[in-house]
Amino acid sequence: AAGRPGTAIAEFVQHAAWQPWWYARIAGLLVALLPRYRRLVPCQIDSLEALDALGNRLDVYAGITVPTVLLGGDRNPPQIPERLDALEAVMPRAERVVMPGRDHGADVRHPGDVARVIANAAGRAFADG
């Protein structure tokens with residue numbers, strides 16, 4: 001975004017993380033105002049570019065045989081359930097969990113809910129040996 005990290009992260013949040021425009025603007029303002037966040041923007045953009053460069057890797061995910069939780073919320077943008085559907089279709093031991101009233105930011109806004117899902121899945125996995 002032409003050397004403007006606030007604009008860059010706002011574009012990322014809206015178009016890559018599928019958040020509403022107003023949420024993206026707030027993220028952009030925070031990045032513009034807070035140097036500690038501003039320093040992270042190039043890492044976020046580099047991470048996205050690296051993921052894009054990998055391409056479709058469903059064949060790799062198909063080889064994951066450990067119990068895995070595919071966690072989503074019923075308020076996610078449609079791209080996330082589509083991706084979870086694709087993973088669930090190829091991963092032999094995937095368990096799909098949809099949290100009611102939650103979206104892509106549940107890990108930040110409702111970490112206790114996410115932690116409970118993970119703890120429950122871990123408990124089942126360790127019990128199965």
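What you see is a predicted model; the values in this text were computed from it and never measured.
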Query - ILVMFWY cluster membership beyond L29 - transitive side-chain contacts under 4.5 angstrom - result: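 So far as hydrophobic clustering goes, L29 is joined with none.
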Requested in this report: Give a yes or no on whether I118 and M91 share a hydrophobic cluster (residues Ile, Leu, Val, Met, Phe, Trp, Tyr; joining criterion: side-chain heavy atoms under 4.5 Å apart).
Outcome: no
Report task. Please answer: with hydrophobic residues joined when any side-chain heavy atoms are less than 4.5 Å apart, are L84 and W18 in the same cluster? Result -> yes
Report task. Could I get the full list of side-chain hydrogen bond (donor to acceptor under 3.5 Å, both in side chains) partners for R96, not counting sequence neighbours? Result -> D85, E88
Report task. With sequence neighbours excluded, give me every side-chain hydrogen bond (donor to acceptor under 3.5 Å, both in side chains) pair touching residues 111-122. Result ->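 Found R102-D113, D113-R116.
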Side-chain donor-acceptor pairs under 3.5 Å in residues 36-63, sequence neighbours left out?
from : atom 1 : to  : atom 2 : distance (Å)
R38  : NH1    : V31 : O      : 3.2
R38  : NH1    : A32 : O      : 2.5
N56  : OD1    : L58 : N      : 2.9

Can I get a per-line list of side-chain donor-acceptor pairs under 3.5 Å for residues 67-80, giving both atom names and the distance, sequence neighbours left out?
from : atom 1 : to   : atom 2 : distance (Å)
T68  : OG1    : V66  : O      : 2.9
D74  : OD1    : G101 : N      : 2.6
D74  : OD2    : G101 : N      : 3.3
N76  : OD1    : H104 : N      : 2.7
N76  : ND2    : G73  : O      : 3.4

Requested in this report: Identify which one of Y23, W21, W22 satisfies the side-chain contact (heavy atoms from CB on, under 4.5 Å) criterion when paired with R25.
Outcome: W21
